[in-house]
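Predicted model only: the values in this text are computed from it and were never measured. Lettering follows sequence order; numbering is per chain, from 1.
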Amino acid sequence: MREVLVLVDHVDGAVSKPTTELLTIARRLGEPAAVFIGSAEDADDTALKTLKTFGAEKIYTVEDADFRQFLVAPKAEVLAQLVQQVSPVAVLVASGAEGKEIAGRLAIKTGSGLITDAVDVQGDGDSAVTTQSVFAGSYTVRAKVTTGTSIITVKPNAATPEQAEGAGAQQAVQVEISEGAKGARITASEPRRSSGRPDLSEAAIVVAGGRGTGGKFESIEEFADALGGAVGASRAVVDAGWYPHSYQIGQTGKTVSPQLYIAAGISGAIQHRAGMQTSKTIVAINKDEEAPLFELVDFGVVGDLHSVLPAATEEVNKRKG
Amino acid sequence: MNIVVCVKYVPDATADRHFESDSTVDREGVDGLLSELDEYPVEQALRIKEQQDDEVQVTVLTVGPDDASDAIRKALQMGADKGVHVSDEAIAGSDSIGTSLVLAEAIKKLEHDLVMCGMASTDGSMGVLPAMLAERLGLPALTLASEVEYDAGRVRIRRDGDTATQTVEGTTPVLVSVTDQSGEARYPSFKGIMAAKKKPVETWTLSDIGVSEDQVGLSTAWSQVMATEPRPPRTQGEVVADEDGSGATKLADFLASRKFI
Ligand SMILES: Cc1cc2nc3c(=O)[nH]c(=O)nc-3n(C[C@H](O)[C@H](O)[C@H](O)COP(=O)(O)OP(=O)(O)OC[C@H]3O[C@@H](n4cnc5c(N)ncnc54)[C@H](O)[C@@H]3O)c2cc1C
Ligand SMILES: Nc1ncnc2c1ncn2[C@@H]1O[C@H](COP(=O)(O)O)[C@@H](O)[C@H]1O
């Protein structure tokens with residue numbers, strides 16, 4: 001069976017949930033082979049075990065000490081060299097800013113077609129058929145790569161991770177990084193402070209606030225905590241400096257696809273909808289019954305979020321007992 | 001110094017967007033405009049121009065149908081110096097691979113110390129073109145900048161990633177893509193609108209940039225759309241009024257009924 005390369009997304013060795021989703025998808029297409037780029041400490045037993053548990057037959061480890069201070073270009077070179085060596089059926093990369101750039105470069109390097117932001121990937125004979133959601137979620141598109149290796153970036157939550165013990169045969173890969181890939185140098189890096197809440201793109205429940213909060217996000221945070229969810233924001237909130245940009249949902253922020261999306265004080269502009277339209281259940285709280293977001297809801301409350309949210313938080317906490 | 005800004009002409013996102021029968025985006029039925037996200041790199045180029053003592057030429061480059069000249073005009077009104085419009089029947093239907101080839105070959109014909117792009121186009125919104133261009137041109141890429149500083153051939157950007165905020169540096173020639181956090185784009189002034197009428201716009205075809213017809217277009221795309229389908233509209237569920245203060249309880253009831261509590 002031909003290999004399917006999965007680029008492992010990890011922070012200091014902690015393998016992300018989307019990576020386990022990619023391994024699950026890879027099994028539909030061929031033999032999953034994880035590509036782990038990181039330091040020797042990062043590639044520790046826990047990391048390797050996770051990859052194995054979710055089906056990695058092979059694990060290529062690439063020591064990145066020599067190119068860690070450079071932006072994405074070296075990672076694309078690593079993958080290009082592996083594609084050359086093993087001619088995989090497909091290369092799967094998590095859709096994110098970095099993943100998309102790596103995939104774009106890889107496509108050019110290997111003369112391959114590229115599909116981005118797949119929300120589903122299925123095997124069809126020898127090819128991978130992708131499903132994408134476009135135009136702010138108003139269209140579904142099915143596509144496949146016709147030239148070279150299928151290079152596909154996949155959105156979080158595109159599959160439910162399934163465990164399936166793989167052989168996990170480890171193979172260290174030596175790579176030559178070109179001088180050209182070293183042109184963009186990272187000279188400083190400040191880790192983002194964790195909020196202690198679930199990660200926005202991966203969360204099962206998201207509570208988002210908009211301009212209607214007037215900048216008071218405590219009630220959003222408390223409701224999110226009562227439900228065990230992540231906090232999100234509209235661009236109006238971010239532009240006003242009320243909440244950091246990394247929490248923005250929409251076209252120029254994160255795309256989320258949780259089981260439950262609750263929007264409070266968000267009107268529902270097309271650019272916001274682009275980032276949340278595929279949520280399974282949608283709830284809105286808005287004092288304007290004409291707010292466009294109400295068109296999408298499974299449940300809506302026309303009212304003032306400043307009174308509805310605290311009362312709802314209390315109610316939820318009470319019922320949880 | 002020479003700055004080339006890549007800008008795209010896109011269908012208006014607030015209009016009803018469609019696909020044609022050949023699965024390409026319908027660009028006729030919907031009004032088009034300069035992608036809002038491409039106003040940001042134009043703005044950054046103009047700010048650099050204003051800060052430099054040396055002469056800076058800002059050229060806007062677009063690949064697109066005849067109407068795409070509207071996108072160039074808007075950028076010229078904002079203050080860019082000249083426009084280049086690559087337009088050729090054969091380009092229609094190109095995927096990002098084809099479009100990046102055309103853009104890269106056009107850029108090679110232009111003097112460029114800095115190549116600037118938006119973070120993504122508002123229609124396809126793949127956000128991969130800047131990386132592809134950098135790859136094709138062999139340029140270092142400082143991507144997704146929320147802040148851009150230029151000083152004597154050195155560029156430094158701030159990049160707000162998911163796990164960290166990074167400072168990334170490179171020296172010209174270099175490609176920079178900027179986000180919508182990089183700074184509000186200016187509106188064209190009346191003076192700018194008048195001045196734009198006299199600014200030069202060149203129109204190039206594929207032969208002008210040495211790209212052959214069989215390297216681009218729908219039939220040679222490296223990926224293929226098999227089907228497009230409008231998503232069934234969501235049906236609106238129950239909407240209750242909170243007039244009597246019962247909204248929170250009803251909301252909790254709903255959440256409990258769906259097993260979220
Ligand atoms: C290129 C581009 C990209 C963009 N990208 C994004 C993006 O990624 N994400 C995004 O969100 N936006 C994006 N936008 C902006 C988008 O068009 C809207 O401007 C934005 O989403 C509006 O945010 P909002 O709903 O919070 O504010 P508003 O539209 O002002 O809505 C506020 C809502 O709050 C309600 N309200 C007020 N007070 C209360 C109260 N006390 N209780 C209950 N309800 C109340 C009001 O009735 C109103 O419906 C983008 C725009 C452009 C041009
Ligand atoms: N047809 C085009 N003409 C000029 N620039 C483009 C074109 N398509 C994309 N770009 C540039 O590439 C960026 C990212 O586009 P995309 O990868 O399509 O999301 C845009 O913000 C533009 O700067």
Side chain, backbone, both or neither of A:Ser307 within contact of chain B (heavy atoms, under 4.5 Å):
side chain

Step through the shown structure and confirm whether more than 12 heavy atoms of other residues, nucleotides or ligands are within 6.0 Å of NZ on A:Lys75.
no

Under 4.5 Å from any heavy atom of chain B, what part of A:Val11 do you find: side chain, backbone, both or neither?
side chain

Among the listed options A:Thr252, A:Val134, A:Val145, the residue most often paired with chain B at heavy-atom distances under 4.5 Å:
A:Thr252

Has B:Arg136 got more than 12 heavy atoms of other residues, nucleotides or ligands less than 6.0 Å from its CZ?
yes

By a 4.5 Å heavy-atom criterion (distance strictly below it), what part of A:Phe223 contacts chain B: side chain, backbone, both, or neither?
side chain

Atom group of A:Ile115 that falls short of 4.5 Å from chain B, counting heavy atoms
side chain

Salt bridge flag under 4.0 Å for residues A:Lys287 and B:Asp242
no

Should the heavy atoms of other residues, nucleotides or ligands under 6.0 Å from CD of B:Glu213 be counted, would the total exceed 12?
no

Under 4.5 Å from a heavy atom of chain A, the part of B:Arg158 involved
neither

Which of the residues A:Gly303, A:Ala188, A:Ala312, A:Ser133 is involved in the greatest number of heavy-atom pairs with chain B at under 4.5 angstrom?
A:Ala188

Among A:Ala76, A:Ala184, A:Ala204, residue most engaged with chain B (heavy-atom pairs, under 4.5 Å)
A:Ala184

Between B:Ala221 and chain A, which part of the residue has a heavy atom less than 4.5 Å away: side chain, backbone, both or neither?
backbone

Measure the spacing between OG1 of B:Thr167 and CZ of A:Arg185 and express it to the nearest 0.5 Å.
13.5 Å

Turns out that what part of A:Ala97 lies under 4.5 Å from chain B's heavy atoms comes down to both

Shorter than 4.5 Å, heavy atoms on both sides: which option in B:Thr249, B:Thr228, B:Val240 has the most such pairs with chain A?
B:Val240

Chain B shares the most heavy-atom pairs under 4.5 Å, among A:Ile270, A:Leu200, A:Val238, A:Ile186, with A:Ile186

Which heavy-atom pair separates A:Val308 from B:Ala248 by the least distance, and what is that distance?
O-CB, 3.7 Å

Would you mind reporting whether B:Gln236 and A:Phe294 have side-chain heavy atoms less than 4.5 Å apart?
yes

Need one label for A:Thr278: side chain, backbone, both or neither, based on atoms under 4.5 Å from any heavy atom in chain B.
both

From the list A:Gly104, A:Gly96, A:Ser112, A:Pro191, the residue making the most non-hydrogen contacts under 4.5 Å with chain B is A:Ser112

Shortest non-hydrogen contact from B:Ser100 to A:Ile108?
OG-CD1, 3.8 Å

When rounded to the nearest 0.5 Å, the distance separating NZ of A:Lys280 from CZ of B:Arg258 is 13.0 Å

Looking only at B:Gln181, B:Arg156, B:Lys250, most heavy-atom pairs under 4.5 Å shared with chain A are made by B:Gln181

Among A:Arg319, A:Lys320, A:Gln277, which residue forms the greatest number of heavy-atom pairs with chain B at distances under 4.5 Å?
A:Arg319

Max heavy-atom pairs within cutoff under 4.5 Å with chain A, candidates B:Pro230, B:Gly247, B:Pro232, goes to B:Pro230

Quick test of your reading of the model: are A:Glu295 and B:Arg234 salt-bridged, counting only N-O distances below 4.0 Å?
no

Hey, what do you get for CG (A:Leu71) to CD (B:Glu169), rounding to the nearest 0.5 Å?
12.0 Å

Under a 4.5 Å heavy-atom cutoff, which of B:Ala141, B:Ala256, B:Gly245 has the most pairs with chain A?
B:Ala141

Within a strict 4.5 Å, meaning less than it, do heavy atoms of the B:Met226 and A:Lys144 side chains meet?
yes

Donor + acceptor pair across side chains of B:Thr143, A:Glu101 (<3.5 Å)
yes

Find the distance between CG (A:Leu260) and CG (B:Leu255) and round it off to the nearest 0.5 Å.
6.0 Å

Test B:Asp180 against every option in A:Gln271, A:Gln251, A:Arg235 by the side-chain contact (heavy atoms from CB on, under 4.5 Å) rule and name the one that passes.
A:Arg235

When the 4.5 angstrom heavy-atom criterion is applied to B:Asp95 and chain A, the contacting part is neither

Tell me, for A:Gln248 versus chain B, whether the close heavy atoms (under 4.5 Å) come from the side chain, the backbone, both or neither.
side chain

Minimum heavy-atom distance A:Ala143-B:Val225, with the two atoms named:
CB-CA, 4.0 Å

Is the backbone N or O of B:Gly161 less than 3.5 Å from a side-chain atom of A:Arg192, with the two atoms forming a donor-acceptor pair by type?
yes

Measure the NZ-CE distance between A:Lys109 and B:Met132 for me, rounded to the nearest 0.5 Å.
12.5 Å

Check each atom of A:Lys254 against the heavy atoms of chain B and say whether the ones under 4.5 Å are side chain, backbone, both or neither.
side chain

Given a strict heavy-atom distance threshold of 4.5 Å, which part of A:Asp199 is in contact with chain B: side chain, backbone, both, or neither?
neither

Under a 4.5 Å cut-off applied to non-hydrogen side-chain atoms, are B:Val128 and A:Thr116 in contact?
yes

More than 12 heavy atoms of other residues, nucleotides or ligands under 6.0 Å from CD of B:Gln224: is that the case?
yes

Evaluate the criterion side chain to side chain contact (heavy atoms under 4.5 Å, CB included) for residue pair B:Val239 and A:Val301; output intermediate values, then yes/no.
CA-CA 6 Å; B:Val239 177; A:Val301 181; over 6 Å; no

B:Leu37, part contacting chain A, at a heavy-atom distance under 4.5 Å:
side chain

Heavy-atom pair of closest approach, residues B:Gln166 and A:Ser189
CG-OG, 3.8 Å

For A:Asp298 and B:Phe254, what are the C-alpha separation, side-chain angles and deciding distance, and is it a side chain to side chain contact (heavy atoms under 4.5 Å, CB included)?
CA-CA 9 Å; A:Asp298 296 285; B:Phe254 172 79; 3.9 Å; yes

List the steps and the verdict of side chain to side chain contact (heavy atoms under 4.5 Å, CB included) for B:Glu243 and A:Val302.
CA-CA 8 Å; B:Glu243 276 151 3; A:Val302 180; over 6 Å; no

First locate atom CD1 of A:Ile205, then atom CZ of B:Phe260, and finally report the distance between them rounded to the nearest 0.5 Å.
6.0 Å

Return the minimal non-hydrogen interatomic distance between A:Arg105 and B:Ala134, and the atom names on each side.
NH2-CB, 3.4 Å

Are the side chains of B:Leu251 and A:Ile285 in touch, meaning some heavy atoms are under 4.5 Å apart?
yes

Could you check if a side-chain atom of A:Leu114 sits within less than 4.5 angstrom of a side-chain atom of B:Met126, using non-hydrogen atoms only?
yes

